[in-house]
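The block underneath contains the structure these notes are about, expressed in structure tokens.
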Amino acid sequence: LDRFAAATEVGRKRDDVVAAAWFAMIDPLVGLGRLDEAEVASERAAELYRNVGDERGLRRSLAQLGNVRRRQEDFAGAIAPFEEALELHRKAGDQQAETRDVSLLGMVKEGTGDVEGALAAYRAGVVIDVETDDPGAEAFDRGRIVRVLRGAGRHAEAIPELQRVVELAR
């Protein structure tokens, strides 16, 4: 990674190309279990995409940064990149990415013990699922809501969610 970083210094005049190279490094590094380096690659890609005004690249690299931190179990550190990626995906009208971001945001909020934050994220996912007429995704997101409610001892609130899952399965 250090050699790659040094080599990219030469290409600073082409920050868009360097950003794409950093972004391309993320998945292979994650696949190798080199999460600290994947985090650096995600941060550098996001910074460069922000500098060149590439919103699509910025959205994708922020989502990757959040995902890397989630894999590191740095749930609190994953929240800000996921929230920013989510806002940018909403602004761009990318509902598929928005759905993914909401789900991942729910997972990291759940990981921090933020029950209400996790429920809000998963419920936002249900709204998108209903809007996009995706009953399978709706059932999945409601299942996550049930898991959080049950984990918080709020069993009575879980029942209507489970009933809706049954309705969706018919």
Looking at Gly66 and Pro81, what are the two nearest heavy atoms and their distance?
-> N-CB, 3.8 Å
Rounded to the nearest 0.5 Å, the CG atom of Asp94 sits from the CZ atom of Arg60 at a distance of 10.5 Å
Between Arg150 and Glu161, is there a salt bridge with N-O shorter than 4.0 Å?
-> no
Report, as yes or no, whether the 6.0 Å neighbourhood of atom CD on Glu73 holds more than 12 heavy atoms from other residues, nucleotides or ligands.
-> no
Could you list the residues that satisfy salt bridge (Lys or Arg N to Asp or Glu O under 4.0 Å) with Glu116, not counting sequence neighbours?
-> Arg154
When rounded to the nearest 0.5 angstrom, what distance separates CD in Glu84 from CG in Asp101?
-> 11.0 Å
State plainly whether the residues Asp16 and Arg14 are in salt-bridge range, i.e. N to O under 4.0 Å.
-> yes
Asp15 CG to Asn51 CG distance, which is reported to the nearest 0.5 Å = 6.5 Å
List, by chain and number, the other hydrophobic cluster members for Val130, where Ile, Leu, Val, Met, Phe, Trp and Tyr join if side-chain heavy atoms come within less than 4.5 Å, directly or indirectly.
-> Phe75, Ile79, Phe82, Leu86, Val102, Leu104, Leu105, Met107, Val108, Val115, Leu119, Tyr122, Val126, Ile128, Ile145, Val148, Leu149
Mind checking whether Arg100 and His89 have side chains closer than 4.5 Å, heavy atoms only?
-> yes
Nearest heavy-atom neighbours spanning Pro135 and Asp133 | CD-O, 3.3 Å
Pairs under 3.5 angstrom only: tabulate donor-acceptor contacts from the side chains of residues 163-170 to other protein residues two or more places apart or in another chain.
from	atom 1	to	atom 2	distance (Å)
Arg164	NE	Glu138	OE2	3.1
Arg164	NH1	Glu167	OE1	3.2

Excluding sequence neighbours, so at least two apart, what forms side chain to side chain donor-acceptor pair (under 3.5 Å) with Asp134?
-> none
Who pairs with Glu47 by side chain to side chain donor-acceptor pair (under 3.5 Å), at least two apart in sequence or on another chain?
-> none
Apply the test side-chain contact (heavy atoms from CB on, under 4.5 Å) to residues Val40 and Met25: give CA-CA distance (whole Å), side-chain angles for both, the deciding distance (0.1 Å), then the verdict.
-> CA-CA 10 Å; Val40 169; Met25 293 281 291; over 6 Å; no
Can you tell me how far CD of Gln95 sits from CD of Glu131, rounded to the nearest 0.5 angstrom?
-> 6.0 Å
Here the gap from Ser61 atom OG to Arg56 atom CZ, rounded to the nearest 0.5 Å, amounts to 11.0 Å
side-chain contact (heavy atoms from CB on, under 4.5 Å) between Arg69 and Gln72, intermediate numbers included | CA-CA 5 Å; Arg69 289 181 178 167; Gln72 293 171 314; 3.7 Å; yes
Closest approach of Arg90 to Ala124 (non-hydrogen atoms, all atoms of both residues) = NH2-CB, 4.4 Å
Do Tyr49 and Leu62 sit in the same hydrophobic cluster, where Ile, Leu, Val, Met, Phe, Trp and Tyr count as joined when their side-chain heavy atoms come under 4.5 Å apart?
-> yes
Leu58 CG to Phe23 CZ distance, which is reported to the nearest 0.5 Å | 11.0 Å
Any Leu35 side-chain heavy atom under 4.5 Å of Leu29 side chain | no
Mind checking side chain to side chain donor-acceptor pair (under 3.5 Å) for Asn67 and listing every partner two or more places apart, or none if nothing turns up?
-> Arg70
